[in-house]
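Lettering follows sequence order; numbering is per chain, from 1.
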2 protein chains.
Amino acid sequence: MALTERQQKILDFIGASIDKHGYPPTIREIGKDVGISSTSVVNYHLNKLKDLELLERDDQISRGLKLTAKARPMVDAGNGATVSLPIVGTIQAGLPVPVMDARTAFETDEQDMISVTREIVPRGDKVYALRVKGDSMIDALINEGDIVVMQSTHTASNGDMVAAWIKDREETTLKRFYHENGRVRLQPANPTMDPIYVALDNLEIQGKVIAVIRSLN
Amino acid sequence: MALTERQQKILDFIGASIDKHGYPPTIREIGKDVGISSTSVVNYHLNKLKDLELLERDDQISRGLKLTAKARPMVDAGNGATVSLPIVGTIQAGLPVPVMDARTAFETDEQDMISVTREIVPRGDKVYALRVKGDSMIDALINEGDIVVMQSTHTASNGDMVAAWIKDREETTLKRFYHENGRVRLQPANPTMDPIYVALDNLEIQGKVIAVIRSLN
DNA sequence: GTCTACCATGAACACCTGTTCGATGTCAAG
DNA sequence: CTTGACATCGAACAGGTGTTCATGGTAGAC
(Lines give C-alpha, C1' and ligand atoms only; values in the text may rest on other atoms or scores of the structure.)
Protein backbone atom coordinates (compact mmCIF):
# COMPACT_ATOMS: atom_id res chain seq x y z
CA MET A 1 0.00 0.00 0.00
CA ALA A 2 1.48 3.26 -1.11
CA LEU A 3 1.26 6.52 0.71
CA THR A 4 -0.42 9.58 -0.66
CA GLU A 5 1.70 12.63 -1.12
CA ARG A 6 0.04 14.19 1.88
CA GLN A 7 0.83 11.30 4.15
CA GLN A 8 4.42 11.14 2.99
CA LYS A 9 4.76 14.84 3.66
CA ILE A 10 3.34 14.48 7.14
CA LEU A 11 5.73 11.64 7.87
CA ASP A 12 8.66 13.66 6.60
CA PHE A 13 7.66 16.66 8.66
CA ILE A 14 7.41 14.61 11.83
CA GLY A 15 10.88 13.22 11.17
CA ALA A 16 12.30 16.64 10.40
CA SER A 17 10.71 18.10 13.48
CA ILE A 18 12.13 15.48 15.79
CA ASP A 19 15.44 15.97 14.09
CA LYS A 20 15.42 19.71 14.46
CA HIS A 21 13.80 20.28 17.83
CA GLY A 22 14.17 17.04 19.67
CA TYR A 23 10.44 16.49 19.97
CA PRO A 24 7.57 15.69 17.63
CA PRO A 25 5.24 18.39 16.30
CA THR A 26 1.69 19.12 17.44
CA ILE A 27 -1.26 18.46 15.22
CA ARG A 28 -1.53 22.13 14.38
CA GLU A 29 2.14 22.41 13.52
CA ILE A 30 1.74 19.53 11.12
CA GLY A 31 -1.32 21.11 9.56
CA LYS A 32 0.48 24.38 9.05
CA ASP A 33 3.43 22.69 7.38
CA VAL A 34 1.55 20.48 4.98
CA GLY A 35 -1.17 23.01 4.27
CA ILE A 36 -4.18 21.60 6.09
CA SER A 37 -6.34 24.13 7.83
CA SER A 38 -8.28 21.79 10.02
CA THR A 39 -6.85 19.87 12.94
CA SER A 40 -9.37 17.13 12.38
CA VAL A 41 -7.94 16.33 8.97
CA VAL A 42 -4.46 16.03 10.37
CA ASN A 43 -5.87 13.82 13.06
CA TYR A 44 -7.54 11.78 10.37
CA HIS A 45 -4.30 11.25 8.46
CA LEU A 46 -2.41 10.54 11.64
CA ASN A 47 -4.78 7.72 12.43
CA LYS A 48 -4.37 6.48 8.93
CA LEU A 49 -0.61 6.36 9.32
CA LYS A 50 -1.10 4.60 12.61
CA ASP A 51 -3.18 1.93 10.87
CA LEU A 52 -0.32 1.47 8.45
CA GLU A 53 1.96 0.94 11.45
CA LEU A 54 4.16 3.81 10.45
CA LEU A 55 3.31 5.83 13.50
CA GLU A 56 2.54 5.32 17.15
CA ARG A 57 0.25 7.69 18.97
CA ASP A 58 -0.09 8.31 22.68
CA ASP A 59 -3.67 9.31 23.27
CA GLN A 60 -4.33 12.66 24.88
CA ILE A 61 -0.65 13.40 25.03
CA SER A 62 0.63 16.51 23.34
CA ARG A 63 3.23 15.69 20.72
CA GLY A 64 2.54 12.04 21.48
CA LEU A 65 3.89 10.79 18.17
CA LYS A 66 6.60 8.30 17.40
CA LEU A 67 7.81 7.00 14.08
CA THR A 68 8.02 3.24 14.01
CA ALA A 69 11.06 1.39 12.75
CA LYS A 70 9.02 0.64 9.67
CA ALA A 71 8.69 4.33 8.88
CA ARG A 72 12.33 5.21 9.41
CA PRO A 73 13.62 4.28 5.94
CA MET A 74 10.72 6.09 4.23
CA VAL A 75 11.48 9.38 5.89
CA ASP A 76 13.67 12.02 4.40
CA ALA A 77 16.74 11.59 6.53
CA GLY A 78 17.63 15.22 6.02
CA ASN A 79 20.33 16.38 8.34
CA GLY A 80 20.07 13.42 10.62
CA ALA A 81 22.79 12.58 13.06
CA THR A 82 22.77 8.98 12.00
CA VAL A 83 23.09 7.06 8.77
CA SER A 84 21.35 3.77 8.16
CA LEU A 85 23.40 1.34 6.16
CA PRO A 86 22.27 -1.89 4.56
CA ILE A 87 24.27 -4.98 5.44
CA VAL A 88 24.33 -6.46 1.97
CA GLY A 89 26.33 -9.58 2.65
CA THR A 90 29.46 -11.07 4.08
CA ILE A 91 33.11 -10.68 3.29
CA GLN A 92 35.72 -13.40 3.39
CA ALA A 93 39.05 -14.03 1.75
CA GLY A 94 37.94 -16.56 -0.82
CA LEU A 95 35.06 -14.61 -2.30
CA PRO A 96 34.66 -11.28 -4.04
CA VAL A 97 32.82 -8.73 -1.94
CA PRO A 98 29.18 -8.33 -2.84
CA VAL A 99 28.49 -5.19 -4.75
CA MET A 100 25.64 -2.98 -3.80
CA ASP A 101 23.46 -2.03 -6.67
CA ALA A 102 20.10 -0.35 -6.51
CA ARG A 103 18.30 -3.64 -6.41
CA THR A 104 20.03 -5.18 -3.44
CA ALA A 105 19.59 -1.96 -1.54
CA PHE A 106 15.86 -2.12 -2.09
CA GLU A 107 15.56 -5.76 -1.28
CA THR A 108 17.36 -5.42 1.99
CA ASP A 109 14.84 -5.66 4.76
CA GLU A 110 15.05 -3.96 8.02
CA GLN A 111 16.75 -6.72 9.93
CA ASP A 112 19.86 -6.25 7.87
CA MET A 113 20.55 -2.65 8.66
CA ILE A 114 22.94 -0.92 10.95
CA SER A 115 22.83 2.73 11.84
CA VAL A 116 25.89 4.66 12.79
CA THR A 117 26.48 8.28 13.65
CA ARG A 118 27.94 10.64 11.10
CA GLU A 119 30.92 11.07 13.36
CA ILE A 120 31.94 7.58 12.36
CA VAL A 121 30.63 7.46 8.79
CA PRO A 122 30.39 11.00 7.42
CA ARG A 123 29.02 10.15 4.00
CA GLY A 124 26.00 8.04 3.26
CA ASP A 125 26.07 7.78 -0.48
CA LYS A 126 26.97 4.43 -1.99
CA VAL A 127 27.98 3.27 1.44
CA TYR A 128 27.09 -0.16 2.69
CA ALA A 129 28.16 -2.66 5.30
CA LEU A 130 29.46 -6.21 5.25
CA ARG A 131 29.66 -8.76 8.01
CA VAL A 132 32.99 -10.49 8.32
CA LYS A 133 32.96 -14.29 8.05
CA GLY A 134 35.85 -16.38 9.22
CA ASP A 135 39.23 -15.29 10.48
CA SER A 136 40.93 -14.87 7.16
CA MET A 137 41.15 -11.11 7.59
CA ILE A 138 43.15 -10.95 10.77
CA ASP A 139 46.07 -9.47 8.88
CA ALA A 140 43.79 -6.46 8.37
CA LEU A 141 43.03 -6.49 12.11
CA ILE A 142 39.54 -7.65 11.32
CA ASN A 143 37.90 -10.73 12.72
CA GLU A 144 34.78 -12.84 12.50
CA GLY A 145 31.69 -10.85 13.41
CA ASP A 146 33.11 -7.42 12.71
CA ILE A 147 31.16 -5.04 10.54
CA VAL A 148 33.07 -3.43 7.69
CA VAL A 149 31.64 -0.23 6.26
CA MET A 150 32.54 0.21 2.62
CA GLN A 151 32.17 2.86 0.03
CA SER A 152 31.58 1.53 -3.44
CA THR A 153 34.34 2.57 -5.84
CA HIS A 154 36.66 1.10 -8.45
CA THR A 155 39.50 3.53 -7.96
CA ALA A 156 41.60 4.39 -4.96
CA SER A 157 44.08 6.97 -3.78
CA ASN A 158 47.37 6.16 -2.10
CA GLY A 159 46.83 5.31 1.52
CA ASP A 160 43.23 4.24 1.16
CA MET A 161 42.20 1.03 2.80
CA VAL A 162 40.63 -0.95 -0.01
CA ALA A 163 38.87 -4.20 -0.62
CA ALA A 164 40.74 -5.65 -3.56
CA TRP A 165 40.26 -8.77 -5.64
CA ILE A 166 43.57 -10.24 -6.67
CA LYS A 167 42.76 -12.03 -9.89
CA ASP A 168 45.42 -14.68 -10.13
CA ARG A 169 45.07 -15.64 -6.49
CA GLU A 170 41.27 -15.51 -6.65
CA GLU A 171 41.26 -13.83 -3.32
CA THR A 172 39.75 -10.78 -1.65
CA THR A 173 41.97 -8.82 0.66
CA LEU A 174 41.71 -5.68 2.74
CA LYS A 175 44.87 -3.64 2.62
CA ARG A 176 46.17 -0.13 2.25
CA PHE A 177 46.67 0.82 -1.37
CA TYR A 178 49.85 2.45 -2.68
CA HIS A 179 50.48 2.88 -6.39
CA GLU A 180 54.22 3.12 -6.90
CA ASN A 181 56.65 2.42 -9.77
CA GLY A 182 53.98 1.01 -12.03
CA ARG A 183 52.86 -1.61 -9.60
CA VAL A 184 50.69 -1.65 -6.53
CA ARG A 185 51.89 -2.19 -3.00
CA LEU A 186 49.24 -3.63 -0.71
CA GLN A 187 50.21 -2.93 2.88
CA PRO A 188 48.58 -4.88 5.70
CA ALA A 189 47.17 -2.91 8.58
CA ASN A 190 49.19 -5.05 10.91
CA PRO A 191 52.59 -3.32 10.93
CA THR A 192 54.42 -6.52 11.72
CA MET A 193 53.43 -8.02 8.41
CA ASP A 194 55.02 -7.49 5.04
CA PRO A 195 53.33 -5.89 2.05
CA ILE A 196 52.55 -7.73 -1.11
CA TYR A 197 53.11 -6.36 -4.59
CA VAL A 198 50.81 -6.92 -7.51
CA ALA A 199 50.54 -5.66 -11.06
CA LEU A 200 47.91 -3.04 -11.66
CA ASP A 201 45.99 -5.19 -14.12
CA ASN A 202 45.95 -8.08 -11.70
CA LEU A 203 43.94 -6.04 -9.25
CA GLU A 204 40.31 -5.12 -9.07
CA ILE A 205 39.32 -2.59 -6.49
CA GLN A 206 35.88 -3.31 -5.15
CA GLY A 207 35.49 -0.67 -2.53
CA LYS A 208 37.07 1.53 0.06
CA VAL A 209 36.89 0.69 3.73
CA ILE A 210 35.70 3.70 5.67
CA ALA A 211 35.04 2.16 9.05
CA VAL A 212 35.24 -1.03 11.04
CA ILE A 213 32.91 -1.72 13.91
CA ARG A 214 33.30 -4.48 16.43
CA SER A 215 30.50 -4.81 18.92
CA LEU A 216 31.18 -7.28 21.72
CA ASN A 217 28.56 -8.47 24.15
CA MET B 1 29.42 23.56 40.02
CA ALA B 2 27.61 20.56 41.28
CA LEU B 3 23.98 19.75 40.85
CA THR B 4 21.58 19.23 43.69
CA GLU B 5 19.98 15.86 43.94
CA ARG B 6 16.74 17.37 42.69
CA GLN B 7 18.29 18.79 39.59
CA GLN B 8 20.12 15.58 38.79
CA LYS B 9 16.89 13.72 39.16
CA ILE B 10 15.08 16.10 36.85
CA LEU B 11 17.80 15.74 34.26
CA ASP B 12 17.66 11.97 34.53
CA PHE B 13 13.92 11.96 34.17
CA ILE B 14 14.03 14.10 31.06
CA GLY B 15 16.55 11.73 29.53
CA ALA B 16 14.56 8.68 30.51
CA SER B 17 11.39 10.19 29.17
CA ILE B 18 12.88 10.99 25.80
CA ASP B 19 14.32 7.53 25.77
CA LYS B 20 11.08 5.82 26.59
CA HIS B 21 8.51 7.87 24.72
CA GLY B 22 10.42 9.72 22.06
CA TYR B 23 9.56 13.13 23.43
CA PRO B 24 10.43 15.17 26.50
CA PRO B 25 8.11 15.36 29.53
CA THR B 26 5.85 18.23 30.49
CA ILE B 27 6.51 20.32 33.57
CA ARG B 28 3.80 18.50 35.45
CA GLU B 29 5.15 15.10 34.50
CA ILE B 30 8.53 16.12 35.83
CA GLY B 31 7.00 17.38 39.03
CA LYS B 32 5.14 14.17 39.57
CA ASP B 33 8.25 12.07 39.04
CA VAL B 34 10.63 13.96 41.29
CA GLY B 35 8.02 14.76 43.91
CA ILE B 36 7.39 18.45 43.43
CA SER B 37 3.80 19.49 43.80
CA SER B 38 4.04 22.88 42.20
CA THR B 39 4.68 23.53 38.54
CA SER B 40 6.42 26.77 39.40
CA VAL B 41 9.16 24.97 41.27
CA VAL B 42 9.81 22.68 38.37
CA ASN B 43 9.91 25.73 36.16
CA TYR B 44 12.34 27.28 38.59
CA HIS B 45 14.70 24.31 38.44
CA LEU B 46 14.37 24.09 34.69
CA ASN B 47 15.54 27.65 34.35
CA LYS B 48 18.37 26.89 36.70
CA LEU B 49 19.46 23.98 34.53
CA LYS B 50 19.18 26.22 31.53
CA ASP B 51 21.54 28.71 33.17
CA LEU B 52 23.98 25.86 33.67
CA GLU B 53 23.71 25.17 29.96
CA LEU B 54 22.53 21.66 30.58
CA LEU B 55 19.15 22.27 29.05
CA GLU B 56 17.59 24.23 26.23
CA ARG B 57 14.05 25.47 26.51
CA ASP B 58 11.67 26.55 23.79
CA ASP B 59 9.42 29.16 25.32
CA GLN B 60 5.69 28.56 25.32
CA ILE B 61 6.18 25.22 23.64
CA SER B 62 4.83 22.15 25.34
CA ARG B 63 7.59 19.65 26.01
CA GLY B 64 10.02 22.22 24.63
CA LEU B 65 13.03 20.72 26.36
CA LYS B 66 16.30 19.51 24.98
CA LEU B 67 19.35 18.18 26.76
CA THR B 68 22.55 19.84 25.63
CA ALA B 69 25.63 17.89 24.68
CA LYS B 70 27.08 19.00 27.98
CA ALA B 71 24.30 17.27 29.85
CA ARG B 72 24.41 14.04 27.92
CA PRO B 73 27.16 12.28 29.91
CA MET B 74 25.59 13.28 33.24
CA VAL B 75 22.31 11.68 32.38
CA ASP B 76 21.48 8.10 33.18
CA ALA B 77 19.80 7.19 29.98
CA GLY B 78 21.19 8.80 26.93
CA ASN B 79 19.18 10.55 24.32
CA GLY B 80 17.16 8.06 22.34
CA ALA B 81 18.97 6.35 19.56
CA THR B 82 22.49 7.50 20.33
CA VAL B 83 24.79 7.49 23.31
CA SER B 84 27.43 10.14 23.81
CA LEU B 85 30.59 8.84 25.33
CA PRO B 86 33.44 10.84 26.78
CA ILE B 87 36.88 10.01 25.43
CA VAL B 88 38.66 10.13 28.73
CA GLY B 89 42.16 9.29 27.59
CA THR B 90 44.36 6.89 25.72
CA ILE B 91 45.19 3.26 26.12
CA GLN B 92 48.54 1.61 25.53
CA ALA B 93 50.30 -1.47 26.72
CA GLY B 94 52.67 0.14 29.20
CA LEU B 95 50.11 2.16 31.10
CA PRO B 96 47.02 1.38 33.15
CA VAL B 97 43.82 2.52 31.48
CA PRO B 98 42.42 5.76 32.80
CA VAL B 99 39.44 5.29 35.04
CA MET B 100 36.38 7.38 34.59
CA ASP B 101 35.20 8.90 37.81
CA ALA B 102 32.62 11.62 38.22
CA ARG B 103 35.28 14.30 38.05
CA THR B 104 36.79 13.37 34.72
CA ALA B 105 33.33 13.10 33.27
CA PHE B 106 32.62 16.63 34.36
CA GLU B 107 35.87 18.01 33.07
CA THR B 108 35.49 16.44 29.68
CA ASP B 109 34.52 19.09 27.22
CA GLU B 110 32.52 18.59 24.12
CA GLN B 111 35.45 18.10 21.79
CA ASP B 112 36.39 14.84 23.42
CA MET B 113 33.16 13.04 22.83
CA ILE B 114 32.01 10.40 20.44
CA SER B 115 28.44 9.39 19.92
CA VAL B 116 27.44 5.98 18.77
CA THR B 117 24.10 4.35 18.19
CA ARG B 118 22.62 2.02 20.72
CA GLU B 119 22.85 -0.73 18.18
CA ILE B 120 26.58 -0.68 18.77
CA VAL B 121 26.68 0.32 22.43
CA PRO B 122 23.43 -0.66 24.13
CA ARG B 123 24.20 0.58 27.61
CA GLY B 124 25.29 4.08 28.54
CA ASP B 125 26.02 3.80 32.21
CA LYS B 126 29.66 3.89 33.29
CA VAL B 127 30.67 3.58 29.66
CA TYR B 128 33.50 5.61 28.24
CA ALA B 129 35.88 5.58 25.32
CA LEU B 130 39.64 5.47 24.95
CA ARG B 131 41.79 6.30 21.98
CA VAL B 132 44.42 3.70 21.16
CA LYS B 133 48.01 4.90 21.13
CA GLY B 134 50.76 2.89 19.47
CA ASP B 135 50.59 -0.54 17.94
CA SER B 136 51.09 -2.57 21.06
CA MET B 137 47.56 -3.91 20.91
CA ILE B 138 47.64 -5.60 17.55
CA ASP B 139 47.31 -8.97 19.21
CA ALA B 140 43.85 -7.79 20.19
CA LEU B 141 43.23 -6.74 16.59
CA ILE B 142 43.37 -3.14 17.68
CA ASN B 143 45.63 -0.51 16.23
CA GLU B 144 46.70 3.08 16.63
CA GLY B 145 43.79 5.46 16.24
CA ASP B 146 41.05 3.00 17.04
CA ILE B 147 38.46 3.92 19.60
CA VAL B 148 37.83 1.38 22.33
CA VAL B 149 34.55 1.60 24.18
CA MET B 150 34.79 0.32 27.71
CA GLN B 151 32.47 -0.37 30.56
CA SER B 152 33.93 0.32 33.93
CA THR B 153 34.05 -2.80 36.08
CA HIS B 154 36.40 -4.75 38.30
CA THR B 155 34.92 -8.14 37.69
CA ALA B 156 34.40 -10.18 34.56
CA SER B 157 32.60 -13.24 33.34
CA ASN B 158 34.14 -15.96 31.23
CA GLY B 159 34.40 -14.89 27.64
CA ASP B 160 34.37 -11.16 28.32
CA MET B 161 36.93 -9.07 26.54
CA VAL B 162 38.61 -7.20 29.34
CA ALA B 163 41.26 -4.58 29.86
CA ALA B 164 43.50 -6.12 32.47
CA TRP B 165 46.53 -4.87 34.30
CA ILE B 166 49.06 -7.63 34.87
CA LYS B 167 50.84 -6.57 38.01
CA ASP B 168 54.20 -8.28 37.72
CA ARG B 169 54.59 -7.35 34.06
CA GLU B 170 53.33 -3.80 34.67
CA GLU B 171 51.36 -4.07 31.50
CA THR B 172 47.84 -3.44 30.24
CA THR B 173 46.40 -5.98 27.89
CA LEU B 174 43.11 -6.52 26.10
CA LYS B 175 42.14 -10.16 26.04
CA ARG B 176 39.27 -12.51 26.54
CA PHE B 177 38.91 -13.58 30.15
CA TYR B 178 38.48 -17.21 31.23
CA HIS B 179 38.67 -18.23 34.87
CA GLU B 180 39.64 -21.90 34.98
CA ASN B 181 41.32 -24.20 37.48
CA GLY B 182 42.12 -21.42 39.91
CA ARG B 183 44.00 -19.35 37.42
CA VAL B 184 43.05 -17.04 34.60
CA ARG B 185 43.52 -17.69 30.92
CA LEU B 186 43.82 -14.58 28.84
CA GLN B 187 43.04 -15.41 25.25
CA PRO B 188 44.11 -13.03 22.48
CA ALA B 189 41.48 -12.05 19.94
CA ASN B 190 43.85 -13.14 17.22
CA PRO B 191 43.21 -16.86 16.95
CA THR B 192 46.72 -17.57 15.70
CA MET B 193 48.23 -16.42 18.97
CA ASP B 194 48.56 -18.37 22.18
CA PRO B 195 46.89 -17.52 25.47
CA ILE B 196 48.76 -16.48 28.55
CA TYR B 197 48.01 -17.70 32.04
CA VAL B 198 48.17 -15.59 35.15
CA ALA B 199 47.29 -16.01 38.78
CA LEU B 200 44.08 -14.37 39.89
CA ASP B 201 45.81 -12.08 42.36
CA ASN B 202 48.28 -10.94 39.74
CA LEU B 203 45.47 -9.49 37.71
CA GLU B 204 43.48 -6.32 38.02
CA ILE B 205 40.48 -5.95 35.74
CA GLN B 206 40.01 -2.37 34.76
CA GLY B 207 37.09 -2.61 32.42
CA LYS B 208 35.19 -4.58 29.86
CA VAL B 209 35.54 -3.86 26.17
CA ILE B 210 32.12 -3.51 24.64
CA ALA B 211 33.01 -2.14 21.24
CA VAL B 212 35.86 -1.16 18.97
CA ILE B 213 35.46 1.50 16.34
CA ARG B 214 37.93 2.20 13.58
CA SER B 215 37.07 5.16 11.40
CA LEU B 216 39.31 5.51 8.35
CA ASN B 217 39.37 8.55 6.14
C1' DG C 1 19.54 39.78 64.53
C1' DT C 2 19.19 40.72 59.56
C1' DC C 3 19.91 39.69 55.03
C1' DT C 4 20.17 36.94 51.06
C1' DA C 5 20.06 32.87 48.30
C1' DC C 6 17.64 28.91 47.76
C1' DC C 7 13.67 25.90 47.68
C1' DA C 8 8.98 25.15 48.05
C1' DT C 9 3.50 25.79 47.94
C1' DG C 10 -0.83 26.91 45.85
C1' DA C 11 -3.59 29.33 42.87
C1' DA C 12 -4.88 31.70 38.85
C1' DC C 13 -4.65 32.71 33.93
C1' DA C 14 -4.30 32.44 29.11
C1' DC C 15 -3.08 29.89 25.56
C1' DC C 16 -2.03 25.21 23.62
C1' DT C 17 -3.66 20.94 22.14
C1' DG C 18 -6.11 16.51 21.26
C1' DT C 19 -10.74 15.16 20.39
C1' DT C 20 -15.22 15.14 18.45
C1' DC C 21 -19.10 16.39 15.43
C1' DG C 22 -21.72 17.96 11.49
C1' DA C 23 -21.37 19.24 6.83
C1' DT C 24 -19.45 19.23 2.16
C1' DG C 25 -17.00 17.81 -2.06
C1' DT C 26 -14.74 14.27 -5.14
C1' DC C 27 -14.43 10.14 -7.56
C1' DA C 28 -14.47 5.46 -8.89
C1' DA C 29 -17.55 1.24 -8.53
C1' DG C 30 -21.89 -0.86 -8.95
C1' DC D 1 -27.77 7.57 -10.81
C1' DT D 2 -26.63 5.89 -6.29
C1' DT D 3 -23.47 4.40 -3.08
C1' DG D 4 -19.58 4.35 -0.33
C1' DA D 5 -14.82 5.32 0.59
C1' DC D 6 -11.93 9.11 0.96
C1' DA D 7 -10.58 13.79 1.91
C1' DT D 8 -11.48 18.33 3.69
C1' DC D 9 -13.40 22.32 6.39
C1' DG D 10 -14.92 24.86 10.43
C1' DA D 11 -16.21 25.02 14.99
C1' DA D 12 -16.54 23.88 19.67
C1' DC D 13 -15.01 21.80 24.01
C1' DA D 14 -12.48 19.93 27.77
C1' DG D 15 -8.46 19.28 29.66
C1' DG D 16 -3.34 19.94 29.17
C1' DT D 17 0.38 23.14 29.72
C1' DG D 18 3.72 27.06 30.30
C1' DT D 19 3.79 31.25 32.93
C1' DT D 20 3.33 34.34 36.70
C1' DC D 21 2.43 35.97 41.33
C1' DA D 22 2.01 36.20 46.34
C1' DT D 23 3.65 33.76 50.20
C1' DG D 24 6.67 31.48 53.33
C1' DG D 25 10.34 28.37 55.29
C1' DT D 26 15.32 27.25 55.93
C1' DA D 27 20.16 27.90 56.36
C1' DG D 28 24.40 30.12 56.00
C1' DA D 29 26.81 34.88 55.84
C1' DC D 30 27.58 39.27 57.80
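Atom-to-atom, CD1 of B:Ile61 to C1' of C:dC15 comes out at 11 Å; the value is rounded to the nearest Å. For the pair A:Lys50 NZ and C:dT19 C1', the interatomic distance rounds to 13 Å; values are reported in whole Å. The interatomic distance linking B:Leu46 (CG) with C:dA8 (P) rounds to 13 Å, in whole Å. One interatomic measurement links the two molecules: CD of B:Glu29 to C1' of C:dT17, which rounds to 14 Å at whole-angstrom precision. Atom pair B:Arg63:CZ and C:dC16:C1' shows a separation of 12 Å (rounding to whole Å applied). The nearest whole Å value for the distance from the CD1 atom in A:Ile27 to the P atom in C:dC15 is 21 Å. Across the protein-nucleic acid pair, A:Leu65 atom CG and C:dT17 atom C1' stand 12 Å apart, rounded to whole Å. Note: CD1 (B:Ile30) to P (C:dA8) measures 14 Å, nearest angstrom.
Pairing each heavy atom of B:Pro195 with each of B:Pro188, the nearest pair is CA-CD, 3.7 Å. Minimum interatomic distance between B:Lys66 and A:Gly22 (heavy atoms only, all atoms of both residues): CD-CA, 4.4 Å. The two atoms that bring B:Asp146 and B:Leu141 nearest to each other are OD2-O, 4.4 Å, heavy atoms only. Nearest approach of B:Lys167 to B:Asp201, heavy atoms of both residues: NZ-O, 3.2 Å.
Taking OG1 of A:Thr90 as the reference point, atom CD1 of A:Ile147 lies at 10.5 Å (rounded to 0.5 Å).
When DNA chain D is scanned in the 5' to 3' direction for atoms under 4.0 Å from non-hydrogen atoms of chain A, the outermost contacting nucleotides are D:dC6 to D:dT17.
Ranked by how close their nearest DNA chain D nucleotide is to the 5' end, A:His45 and A:Arg28 are led by A:His45.
Comment: B:Lys175 engages B:Asp139 in a salt bridge, judged by a side-chain N to carboxylate O separation of less than 4.0 angstrom.
Of all the residues in residues 31-44 of chain B, B:Ile36, B:Ser37, B:Ser38, B:Thr39, B:Ser40, B:Val41, B:Tyr44 reach under 4.0 Å from DNA chain C with at least one non-hydrogen atom.
Side-chain contact annotation: B:Arg185 with B:Asn158, donor-acceptor N/O pair under 3.5 Å absent.
Stacking of B:Arg63 on the aromatic ring of A:Tyr23 is not recorded, the 6.0 Å distance cut-off and the 45° axial limit not both being met.
Within a 6.0 Å sphere centred on NZ of A:Lys20, other residues, nucleotides and ligands contribute 12 heavy atoms or fewer.
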